[in-house]
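A short write-up of the structure that comes next.
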Amino acid sequence: MADEAVAERAAEPASHDPQKPQGSRSPEAPPHGGERGGERGGDRGDGQAQGEAEAHDGPEAGDDEVAERAKERERAADRIKDLTRDPLAEEDGEDGPTDLAAAARARRAGRKLLTSGRDFTSFDRSRIGHAHIGDINVSLDARRSGVAMRGGPVPEEELRRLRRAHVEPAGYVRLRRALESRRLLVLGGAPGTGRTSTALALLDEVTRDGAGGGGRVRRVDPHQGEGVRGLVDEVNGGEGGEGGERRGTGYLLELALDRPGSLPPDEMDLDQLASTLAEGDAYAVVVVSVGSAANPLLAGRYGMVCPPAPSQELVTVRLRERLEEARDHEALERAARIAEDPEVIEAVGLDDLRPAEAELLASLLAEHLLGSLTREELLAGCRGIAAVQAHEWFAGVDRALAAAPSSGDGRTPVRSATAALFHPVAFRIALAVLGGGSHSAVSAAAHLLTWELSVQSDPDSTPSRPLFCDDPESDRALSRARSDNGAIDVAGAEVTGQLIFYRGSALPAAVLAEIWDRHFPVRAPVVRWLRLLADDPRPQVSVRAAVAAGELSVRDFEYGFGELVRPLAEASSPRRRVFAATALDQVAGHASHRKAVRKVVDDWSRYGTASLRWTAAMTLGHGRAADSVDAALDALARIGVRDQGRQLAVASLNVVRLLTLPECATVLRRLGQWAEHRREEYQDLALVTIVRLATTGVDEVLDDEPGTPLGDRGDWPLLLALAVTRPELTGTLADLLWTALNTARSRDVAFDALEALLRSASRGERGEGREGGEGREGGEGREGREGGDDRMRPGLAALLPALTSDEHDRQQLEWLLRRMMRDQDRPLTTEQASALWRLAVPARQRRSDEEESHG
């Protein structure tokens, strides 16, 4: 058949087409029957309705039988069409497809966020306030040390050590000049960032030439006096009248503004303090934590933010201290090489180190070089650094609430600003669960959790929170977070937005481990919060929360299964059941719990309710909830054919998901067996799966990151991607698609699927084409794929020749191309139709067809 024949006959009226394929029932019905059909069982579903009708005695009875058969075929076709719709979009009567691609990307991101190459954070927490490894004992708990600090002079020995070991942060000279000129500096920073060391270093420099009979640098007890006003009295000499003896002294005051009822000093108080300091030739640094309460102070004339010291320089200085006694000149270079070891970097899991953390890492490296620690002990100690940070964040957060003063009647405790107290804690937990998502999603989730924590802490009071006190910069500083612009999935498309991450891959897992293992009362509000996130329609929220729920369940499977997985697996909402399935698969990713998950999923597939079987099917599609792919297919078939195929749609979806595994050939072999099965339910399972395979994109079912053969084709239809990446399976793929095309009840949806495949490699005249295929990693969904992409032509070039091996098959393709050319909305051009025909029919076969037609 000539290449132009398709285009020429497409222009003729369908009812007068002299070369319409024999057996075609109407201009809009494809031809059927044929030699290959005989090999595969013929036109399945149509039977021989006409012959059966003629066997009846009268024409009226024959007409009734034909009409009844036609209705039966129509009902069967409608059923197949319904089963090929997205089984996740049945909630609230939605007919449109859910964004499976966004869900797959969110699941990959969540797994990457919480996977650190080990099941648990391995660190001896018996002395969590200190890092005690071998002979190393380094205080890391900045919160506890700050709270326990008492007033008094700073020993000269401590100041000398500070001068020797302190690493100046960026902008240190600017801070010193501000202190020298104003006498007073309000220094803001996150706890543990070295802000106190910087304050002491500044005071040591500016008071070095002073007399200061009571000590050049003095700490001021934050619990005595009235904060800044109390410091004024301290500068004046207090009750003892020692003001004259303390001329030239430097004062350090750390204010705790995050406590309920704490109020920041006003500008007049600071002016009075600065004036008093000038009269006494003294200096003062007031240290505050960044946050909404401190913002007015830091924005005033005395306020400045303290930048953190550079991590590498901190480690180098601390190493030099530790190794100077060993007198090994090459030890420092060896230690630097070990610190840059990828395994050590991964074990530490922090983008930048705070001073105490740098000191601990330097101690670990030095002890390892000196032979006191093995490499395993070194890595274990490195992993513990993030665990200590997590403990510091959550230890005793609500201690002030537990000891709150009573009200005037002596009965009701006064608990004010609980939401403000819990918000930083909630933000850290939300960031551990949703990190890598949009800042707005993390903030919204943090506010939900703040409410749950506040209600749990004080159930008799309604939590209140100011509406205009959020500070993104403070949230990032207090949670060791960073933000960056990136792609966000919105309604199946990608837009640029602000993403937020922890500054370290070890922090998310460390935070979840801390709250789940060491703070049992927190579990109840966290569980309620995760259930709320399970209902979120955004995959970046619900799927990431499900991955986190799985990680929490690993730490206590009895509790997690009973409170999170099982209740949501039985829910009426498909979104909640997907949450449970994702959490179960995350648990199955841990070898320690895989056997338990497989037992649960197998029991649900055999004996569970309809909801539990649905959840089991979604879990099986990930490929880790069964002993083998064959076992997973057995369970999916068991679920799909039960109750007249009530859950066949979800079973077929997860069979397709298994096709991304290396055992793809096993899945295709089972599809062929089901297609030839005597029971119609198995045949339907095969037909629906084949059609779904042709309409599913790689990005909707793939778990792999880009860089794999399939991962690099995320915007391709899965059928075409398999035909290119697994060429040995092309014949099997073509045979399965042929079966769906030549079975009456699946013919219509199968031809629609084939049309979408053809359009995926066709360049439209109206700018269709590369818009859908080259937009983003993972593609732009079905609409983008249907726009056309030349890169997908190799997939059609591999599949179509195997699909059109005889004259009947080529007639079907010709009919479909003619239908596409007559499409009112998106007509196929002559050039496109000819190009597709050349892809399907090799040149040798085209010459043979031409000779037969001329003969």
Side-chain angles (χ1 to χ4, degrees), residues 1-32 34 691 694-695 717 719-720 734 737-738 740-742 747-773 782-797 799-843 845-847 849-850 852-853:
M1 183 177 298
D3 296 342
E4 292 77 10
V6 176
E8 290 174 356
R9 286 199 296 274
E12 300 176 7
S15 57
H16 301 290
D17 189 348
Q19 300 188 35
K20 183 178 71 174
Q22 297 299 315
S24 183
R25 294 171 293 171
S26 70
E28 296 302 324
H32 53 270
V691 173
T695 57
L719 183 60
L720 297 185
L737 181 57
W738 187 94
L741 291 170
N742 288 274
R747 178 182 294 125
D748 290 343
V749 290
F751 268 100
D752 290 341
L754 179 58
E755 178 178 343
L757 288 176
L758 296 177
R759 289 189 183 278
S760 68
S762 300
R763 300 290 303 280
E765 291 181 339
R766 306 175 192 174
E768 295 177 343
R770 297 195 181 275
E771 293 178 3
R782 289 182 177 87
E783 293 182 2
R785 286 194 297 273
E786 291 178 1
D789 194 332
D790 280 345
R791 296 179 300 117
M792 300 180 191
R793 286 181 177 268
L796 287 178
L799 181 68
L800 289 181
L803 187 64
T804 58
S805 59
D806 59 26
E807 179 60 24
H808 159 67
D809 301 332
R810 291 189 288 276
Q811 286 181 351
Q812 290 197 123
L813 177 62
E814 177 192 346
W815 169 86
L816 180 59
L817 292 175
R818 287 190 282 117
R819 190 181 79 170
M820 294 169 64
M821 295 175 70
R822 293 169 182 166
D823 191 296
Q824 297 277 338
D825 299 322
R826 293 182 302 165
L828 204 65
T829 66
T830 302
E831 294 78 8
Q832 292 170 333
S834 299
L836 289 172
W837 184 260
R838 286 193 296 270
L839 286 176
V841 184
Q845 185 61 54
R846 293 199 300 271
R847 288 193 298 268
D849 290 344
E850 291 176 8
E852 291 181 5
S853 62

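The model shown is predicted, which means the values in this text are computed figures rather than measured ones.
- Remark: D823 engages no residue in a side chain to side chain donor-acceptor pair (under 3.5 Å) (not counting sequence neighbours).
- Rounded to the nearest 0.5 angstrom, L828 CG and R822 CZ are separated by 12.5 Å.
- Here the CG atom belonging to N742 is positioned 7.0 Å from the CZ atom belonging to F751, to the nearest 0.5 angstrom.
- Taking both residues in full, the closest heavy atoms of L839 and A797 are given as CD2-CB, 3.8 Å, listed atom of the first, atom of the second, then distance.
- The nearest pair of heavy atoms linking L719 to L757 is CD2-CD1, 3.5 Å.
- D752 places none of its side-chain heavy atoms less than 4.5 Å from the side chain of T695.
- Of the possible polar contacts, none joining the R826 side chain to the R759 backbone as a donor-acceptor pair under 3.5 Å is found.
- Partners of A740 according to the side-chain contact (heavy atoms from CB on, under 4.5 Å) rule, which considers only residues two or more places apart in sequence or in another chain, are L687, I690, V691, S746, A750.
- Judged as a side-chain contact (heavy atoms from CB on, under 4.5 Å), and not counting sequence neighbours, the contacts of A835 are R793, R838.
- Looking at L754 and Q812, their side chains never come closer than 4.5 Å, going by heavy atoms from C-beta outward.
- For the residue pair S760 and L720, the shortest heavy atom distance occurs at OG-CD1, 3.5 Å.
- Nearest heavy-atom pair, M821 versus P827, reported as atom, atom and distance to 0.1 Å: O-CB, 3.5 Å.
- Between L813 atom CG and D809 atom CG the span is 9.0 Å, to the nearest 0.5 Å.
- Taking OG1 of T804 as the reference point, atom CD of E814 lies at 12.0 Å (rounded to 0.5 Å).
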